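In what follows, a structure is listed as structure tokens, so that the remarks can point back to it.
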Amino acid sequence: MDLLYFVILISSLIFVHELGHFAFAKAFGVKVLTFSLGFGPKVLKLRGRETEYCISLIPLGGYVKMLEASKSDIVLPEDRHRTFESLPVYKRILVVLAGPLMNLVFPVLLYFSVFVTDGPFLPPTVGVVLPGHPAAGKLVPGDRIMSVNGQDVGTFDELKRIIAKSPGLPLRFKVFRDNKHIEIEVTAEETIERRELDVIERVGTIGIQPSAPAAVIGVPSSESPAFRAGLRTFDVVTHVAGQPVRRFRDLEVALAENRGETVPVTYLRPTSLGSALGGLADMAVYEAGVVALTPDPAGTDLITLTGIELADLYAAVVPDETYLAKAGLRPGDKILKLDGEPLPAWSTFRERLVAAPDRPHRIDYLSAKDGREKSGTFQMRREDIVDEHGQAFARYVLQVKNWLPLAPEDFVAHPSPFQYALSKAVEETVDVTRFTFVSIVRVIQGRVSLKTLSGPITIYEVAGEEGRKGPDFFIWVMALISINLGLLNLLPIPVLDGGHLMFFTIEGVLRRPLPLRVREIAHIVGMAILFGLMVLAFKNDIEKRWDVIVGQLREIVG
């Protein structure tokens, strides 16, 4: 089965590549003698009016043979104007360029076939507004974004993509709020994202997230009505007075008008099972309960009415012997300040640490054990990592987690699925092409190891592995390899399309072709380079397989 997936993948990409050369040659009137998938002995032949179409034995390539007098083809007088050499230089460049370009355009169709079936999607509704970001004070949770700068949006994914493309630019939002439409202007801030291979992206953000937090509560004071009623931090409120509660803001609405009336509150409490599954996992189960909650009639908001707040800033997981555990932080503690500055949200806590990961920090927190404010110092753990491309980078690990699940949203279908799929396919193709191009540049620069080069053995294994996962996975890997094939063919190495383009460009500048002897030597050098790269790729493939076999043997022996 793996062989079948491999043949389908390779044959499809070769066909697309050669079809580009073939179509442009035909369009310019060149006589095409042979269109072959594969090299070597011909297994299957079909004779057209003037072209022989065939499938050859070795599937690792293909070719389009055009009528060329320079290659000792017999040229009849009536066909002299139909040779490849008779074309102007720019047309010859287009014929050669068409093959790699087809490999770069083909992924658009592949990605389109995947994205057109995407969905359903999250609606373009604001779930969370992050403090300290452009949207704070302008957008509020529950806002439905109808359009951005006059462009209609139907999903949150679409909204996020528009914002990401607009770093530093003002955005005009049409928002549906309180049963009416309003206009709000927000300027997207520019954020720098460092990706693999030292690629830097400038992305626009405004500080909003989809899906509102669930009604997971924090109870900071043991003197509050909520604590006296029996509610505890990390309880998930499901009903108030018999009315269902999905989001934390539903809980706020349910108790907003209460002035001391006792109401039943139903909740789910996560209870740890310790070392579940024989120590293989840490698990928790929900235990249901109900309490009678009597809010303080003097209260004006949820925290003063009941002593309940969102459990955002509460530490849920603090592993033993980690730097924050040594600073005194324990599960259930509420983080109050970082370096003396109050924290409005967990997102702010993370952002401030990421902005200064290399220096010590002071943390102030409210102890769940005795209700007292305490403090400690810590420094994030640094991990030096070398990725699969041979690039070294530092990673900082935040050894604490909060627990704030999101309330489930009602998903929506995309209003323009074909337009969405096409634009997303183009974006994905551009992104992967850019990443692949940077990878090639990094290899040439020596910043990425040549050991990352892979050959047919790896392609064979990846084709089989992804093919078994399903059509979408197979299409993704086909698109990736198509882009790699297109860019590699554009390298200025004689015998590759890029080498031919280099010769034609020189011919266009000099207004005459390079001497035949120079071209022959260049082709020999090109063949040597190509053969060396193939040997290196095979060597890397074999070494990778050998490392896997040795690892498996060690596990068996050990």
Side-chain angles (χ1 to χ4, degrees), residues 128 130-132 141 212-238 240 245 247-256 258 260 262-263 265-272 284 287 289-318 324-325 327-350 352 361-376 378 398 400-405 407:
V128 177
L130 302 178
V216 181
I217 65 171
V219 185
S221 173
S222 59
E223 302 299 322
S224 65
F227 191 92
R228 290 196 299 267
L231 293 172
R232 297 293 181 266
T233 295
F234 298 128
D235 284 350
V236 183
V237 176
T238 60
V240 174
V245 171
R247 299 161 296 192
F248 187 80
R249 66 172 178 263
D250 296 336
L251 178 60
E252 293 178 310
V253 171
L255 294 169
N258 191 296
T262 301
V263 292
V265 175
T266 306
Y267 64 89
L268 297 173
R269 179 168 297 166
T271 303
S272 176
E287 292 183 355
V290 60
V291 299
L293 175 64
T294 306
D296 184 346
T300 57
D301 55 18
L302 189 62
I303 186 67
T304 55
L305 276 167
T306 64
I308 290 173
E309 62 183 358
L310 186 65
D312 182 32
L313 280 166
Y314 289 77
V317 179
V318 186
L324 278 167
L329 192 69
R330 295 293 180 268
D333 292 352
K334 180 185 178 182
I335 301 176
L336 302 174
K337 298 178 182 179
L338 183 68
D339 300 325
E341 294 291 327
L343 291 168
W346 188 270
S347 60
T348 309
F349 175 58
R350 291 183 62 90
R352 290 182 185 173
H361 296 277
R362 170 176 167 154
I363 187 172
D364 292 272
Y365 58 92
L366 183 67
S367 172
K369 184 177 181 180
D370 56 21
R372 296 171 54 193
E373 290 191 18
K374 299 180 180 180
S375 64
F378 70 93
L398 179 58
V400 60
K401 295 180 182 178
N402 69 336
W403 184 67
L404 193 64

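As a basis for the values below, the full set of heavy atoms in this structure was taken, side chains included, without hydrogen atoms, waters or symmetry mates. Remember, predicted model here, so these are calculated numbers, not experimental data.
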Review point. Does D250 pair with R247 as a salt bridge, N-O distance under 4.0 Å?
Key: yes
Study note, to complete from the structure: Of all heavy-atom pairs linking T233 and V219, the shortest is OG1-N, 3.0 Å
Point to revise | D364 side chain to L336 backbone, donor-acceptor under 3.5 Å | key: no
Practice item. Taking D339 for its side chain and H361 for its backbone only, find out whether a donor-acceptor pair lies under 3.5 Å. Key: no
Review point. Is K334 paired with E309 through a side-chain N to carboxylate O contact shorter than 4.0 Å?
Key: yes
Exercise for review: Could you tell me which non-hydrogen atom of W403 sits nearest to which non-hydrogen atom of F234, and how far apart they are?
Suggested key: CZ3-O, 3.5 Å
Practice item. Give a yes or no on whether the backbone of F227 and the side-chain of R232 come within a donor-acceptor separation of less than 3.5 Å. Key: yes
Check your understanding: Between L251 and V265, does a side-chain contact (heavy atoms from CB on, under 4.5 Å) hold up when you go through it step by step?
Key -> CA-CA 10 Å; L251 178 60; V265 175; 5.7 Å; no
Point to revise | Donor-acceptor contact below 3.5 Å, side chain R269 vs main chain V236 | key: no
Exercise for review: Output yes when a side-chain donor or acceptor of R330 lies under 3.5 Å from a complementary backbone atom of A325, and no otherwise.
Suggested key: yes
Practice item. Could you tell me whether a side-chain N or O of Y365 sits under 3.5 Å from a main-chain N or O of G328, the two making a donor and an acceptor? Key: yes
Review point. With a cut-off of 6.0 Å (strictly less than), are more than 12 heavy atoms of other residues, nucleotides or ligands near NZ of K337?
Key: no
Practice item. Decide yes or no on side-chain contact (heavy atoms from CB on, under 4.5 Å) for V400 and F349, but give the supporting numbers first. Key: CA-CA 11 Å; V400 60; F349 175 58; 4.1 Å; yes
